[in-house]
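Have a look at the structure below before the remarks.
All chains are named by letter (A, B, ...) in the order of the sequence lines, taking the proteins before the strands, and each is independently numbered beginning at 1.
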Amino acid sequence: MRTQATATPWALTADFYDRPVLVVARDLIGCAVDHAGTSGVIVETEAYHDSEPASHAFIGLTPRTRTLFGGPGHAYVYRSYGIHALLNAVCEPEGVGAAVLIRALEPSSGIETMRRRRGLTRIEDLCSGPGKLTQALGISLEENGSSLASGPVRIGPPPEGWENPSVVSGPRIGISKAVDLRWRFCVAGNRHVSRPWPRPGDEHG
DNA sequence: CATGGGATTGACT
DNA sequence: GTCAATCCCATGC
C-alpha cells in the first residue's frame, strides 16, 4: 500500500501521544484542535494518570474507562456533572490509563459558529473552560474512542507563531484528590485560559 | 434495583 | 461568595 497518501497530513500521529502523559500535556500547549470547521489553539491542559486517585482510570478497567486504557491518540470524551462533555487525549501505551484533559482554547476559525452555540459574543468566553470548548466546537460523547489523527476531532501541530509558547504550571482544578500535583499547564498570560489563572512566577521548563 | 458523586458552568445573593 | 442543573456509571443492598 504505497498509496498511504498522507491520509491525514495535518494531524499528530499516535507516536506523539505514546509518551509520558506529563510530556504530552506540556507539548500539546500551542497545538491546534479542529472539529468540523471550528478550531482553536490549546492554551491549557491537565495530565491524569492511573497511578493517582484524581484520574478516572485509578479504579481500573471498567466500561467507563475502557477508552482511557486503550491505545494512544484517541479521544476520551465523558460527561461531567451530568451536563458537560469533556475532551481528553489518551496517552502512553495501550494498557496504561493516562490522558490529557484539554481545558481551554484560543479560538482560530469558525468563531461565528462558536458564538451561536455558546450564545455569547466575547472571544474570551467561547473556549475558556473544558465544558465551554466542547460546546463551542460541537464535540459530544459520540466522539469518545475516535482517533485524534483521522477525526472527526483532530489535533495538529502548532500554527505559525505558536511553536514555542511560554508555559506555566500549577495544581489541577476542580479535584479533591492528589491536589499537590502540579499537573496543570497554561500559556503564560493568555486571556483564554480558564480561572483561576496561574500565578506569574510559576515558570515551567 | 437505588443511590451518590463528579476533571463544570452560569445564575443568583 | 453559594447553589442547582442533569447524566453516566460504580457501588452496595
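Between A:E44 and the options A:P130, A:S194, A:S128, a side-chain contact (heavy atoms from CB on, under 4.5 Å) holds for only A:S194. Each of A:E124, A:E106, A:R184 was scored for a side-chain contact (heavy atoms from CB on, under 4.5 Å) with A:V193, with one residue passing: A:R184.
Rounded to whole angstrom, the span from the CD1 atom of A:I173 across to the P atom of B:dG6 amounts to 16 Å. Straight-line distance from the CD1 atom of A:I139 to the P atom of B:dA7: 19 Å, rounded to whole Å. We find that OH of A:Y48 is positioned 11 Å from C1' of B:dG6, with the value rounded to whole Å. The interatomic distance linking A:F58 (CZ) with B:dG6 (P) rounds to 14 Å, in whole Å. B:dA11 atom P lies 11 Å from atom CG of A:D125, rounded to whole Å. We find that OH of A:Y78 is positioned 14 Å from P of C:dA10, with the value rounded to whole Å. Atom-to-atom, CZ of A:R122 to C1' of B:dG10 comes out at 14 Å; the value is rounded to the nearest Å. A:Y81 has its OH atom 15 Å from the C1' atom of C:dC9, to the nearest Å.
Judged by closest nucleotide on DNA chain B, A:K177 is the one of A:K177 and A:G129 placed further toward the 5' end. Toward the 5′ end of DNA chain B lies the nearest nucleotide of A:S176, the other residue of the pair A:Q135 and A:S176 mapping further downstream.
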Assess whether salt bridge (Lys or Arg N to Asp or Glu O under 4.0 Å) is satisfied between A:R103 and A:E46, documenting all intermediate values. CA-CA 7 Å; A:R103 286 193 58 92; A:E46 284 178 2; 3.6 Å; yes
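Among the atoms of the strands shown, none is found under 4.0 Å from any heavy atom of A:R66. Residue contacts for A:R172: at a heavy-atom cut-off of 4.0 Å it reaches no nucleic acid atom on any strand shown. Within 4.0 Å of A:L101, counting heavy atoms only, lies at least one base atom of the nucleic acid.
Within the structure, a side-chain polar atom (N or O) of A:T62 is placed less than 4.0 Å from OP1 or OP2 of C:dA10. Contact check, A:R195 against B:dT9: no side-chain N or O comes under 4.0 Å of OP1 or OP2. For the OP1/OP2 pair of B:dA7 and a distance below 4.0 Å, the side-chain nitrogens and oxygens of A:R79 include no atom meeting the criterion. Contact check, A:K132 against B:dG10: a side-chain N or O comes under 4.0 Å of OP1 or OP2. Side-chain nitrogen and oxygen atoms of A:H56 include at least one within less than 4.0 Å of the OP1 or OP2 phosphate oxygen of B:dA7.
Rounded to whole Å, the C1' atom of C:dG1 lies 23 Å from the corresponding atom of B:dA7.
The listed nucleotides are C:dC9, B:dA7, B:dT9; the one nearest the side chain of A:R64 is C:dC9. Checking C:dC8, C:dT11, B:dA7 against every side-chain atom of A:L68, the shortest atom distance belongs to B:dA7. When distances are taken from the side chain of A:I83 to each of C:dT11, B:dT8, C:dA5, the shortest belongs to C:dA5.
A:S169 and A:R182 form no side-chain donor-acceptor contact under 3.5 Å, judged by distance and modelled atom types alone.
Of all the heavy atoms in A:L133 and A:I102, the pair that sits closest is CD2-O, 3.4 Å. Looking at every heavy atom in both residues, A:W162 comes nearest to A:V187 through CZ3-CG2, 4.1 Å.
Applying the Watson-Crick and G-U wobble criteria (two distances, each under 3.5 Å), B:dA7 pairs with nothing in any strand. The partner of B:dC1, taking Watson-Crick or G-U wobble pairs whose two distances both stay under 3.5 Å, is C:dG12.
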